[in-house]
Number of protein chains: 2
Amino acid sequence: MKTFNIGELSEKSGVASHAIRFYERENLMPEPARTQSNYRRYPEDAIARLQFIIHAKQWGFTLDEIRELLMLQDANGDRAEAKRIAKKQLEKIRHQIQSLSRIEAVLSETLEECSGEGPMDGCPIVEAIAQKG
Amino acid sequence: MKTFNIGELSEKSGVASHAIRFYERENLMPEPARTQSNYRRYPEDAIARLQFIIHAKQWGFTLDEIRELLMLQDANGDRAEAKRIAKKQLEKIRHQIQSLSRIEAVLSETLEECSGEGPMDGCPIVEAIAQKG
DNA sequence: GTTGACCTTAAAGTTCACTTTAAGGTTATG
DNA sequence: CATAACCTTAAAGTGAACTTTAAGGTCAAC
């Protein structure tokens, strides 16, 4: 079975060595085996675990939430828990989309109103921020 | 003309006194007049300026961007500049909506696939994070 | 005349997710 | 055998946008 130094793992996973050590301190990565000279030695599945972390981050999960998901996996815990976490995340994302969409609508409307010429005094953009909030 | 202490301004604007002093340090709020005892004394339009800041923040502008907008207003600068800043912000928001929508689609699909019952092993949510990224 | 609610400053703390620095020890290459 | 490229730790720094703390001075009410 192949094993890796932290630098090799970093290259294969796309996560900086320092970040890997950080994840270890934060209990997202398990403490790996050590060589005689105290170097960390990782098994192949450490790559998948780091990629899981990367992907979950891209999905907007915080490290706290990712840790929860990983701990569930490690303990082969209850699927209901994972669903609860993911559901909460989906709601968070939908909420964000809604408020961004509202802002998008008002902002694009305002931009159309503003000729982009003349002095700031009376500028529709500034007035929109001041009034419509 | 009415003037206010920082506490009164805080109440009227909904911005904490400490945050108001912070905005002063950060050049978002001008240095106000002082009483004999060195208390800050604000004119009425300080309320509107703070509300402008609050609203711009809700629209996703950073304090740096808000400072730029306020400086343009103070200098009665060029409307084209304000439009440029707002345009950049609109693009940022549209970009955010797009990537959140992509995540929303995959995450809601995944949630439908997951019964929410049984052990973590083989859970569609975990697999989706691990694979689809 | 003292209590309590205000105000002042500078500096340090918060959260998140790392990155950077300092001060070393180890291993691979020429 | 030197030197470069790895590895180790602990601690401090980053950035955004504040908040909290420390150590006071001031003002209104009873």
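Side chains are part of it too, since the values below use all heavy atoms of this structure and drop only hydrogens, waters and symmetry mates. In what follows, every chain begins at residue 1, and chains take the letters A, B, ... in the order their sequences are listed.
- Here the closest non-hydrogen pair linking B/Leu69 and B/Ile85 is CD2-CD1, 4.1 Å.
- By the 4.0 Å N-to-carboxylate-O rule, B/Arg40 lies too far from B/Glu31 to be salt-bridged with it.
- Atom-to-atom, CG of B/Asn5 to C1' of C/dT8 comes out at 12 Å; the value is rounded to the nearest Å.
- Note on A/Arg94 versus B/Glu104: salt bridge recorded, some NZ/NE/NH1/NH2 to OD/OE distance being below 4.0 Å.
- Pairs of residues two or more places apart, or lying in two chains, that qualify as salt bridge (Lys or Arg N to Asp or Glu O under 4.0 Å) and include a residue from residues 46-60 of chain A are A/Arg49-A/Asp74.
- Rounded to an integer number of Å, the gap from A/Glu8 CD to D/dC6 C1' is 10 Å.
- Going from atom CD1 of A/Ile66 over to atom C1' of C/dC18 covers 13 Å, rounded to whole Å.
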Next on the checklist: With side-chain contact (heavy atoms from CB on, under 4.5 Å) as the criterion, how do B/Leu100 and B/Ile97 come out once you've worked through the C-alpha distance, each side chain's angles and the decisive distance to 0.1 Å?
Outcome noted: CA-CA 5 Å; B/Leu100 286 172; B/Ile97 291 171; 5.9 Å; no
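- Between B/Ile6 atom CD1 and C/dC6 atom P the separation is 13 Å, expressed in whole Å.
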Next on the checklist: Base contacts versus sugar-phosphate-only contacts with protein, heavy atoms under 4.0 Å: please encode nucleotides 10-24 of chain D as B, S and - from 5' to 3'.
Outcome noted: -------BBSBB---
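- A salt bridge is absent between B/Glu26 and B/Arg21: the closest approach of a Lys/Arg side-chain nitrogen to an acidic carboxylate oxygen does not fall below 4.0 angstrom.
- B/Asn27 and B/Arg67 share no side-chain donor-acceptor pair at under 3.5 Å.
- Proximity of residues 27-50 of chain A to DNA chain C (heavy atom under 4.0 angstrom from any strand atom) is restricted to A/Ser37, A/Tyr39.
- Using a 4.0 Å cut-off between a side-chain N of Lys or Arg and a carboxylate O of Asp or Glu, B/Lys88 and B/Glu91 do not qualify as a salt bridge.
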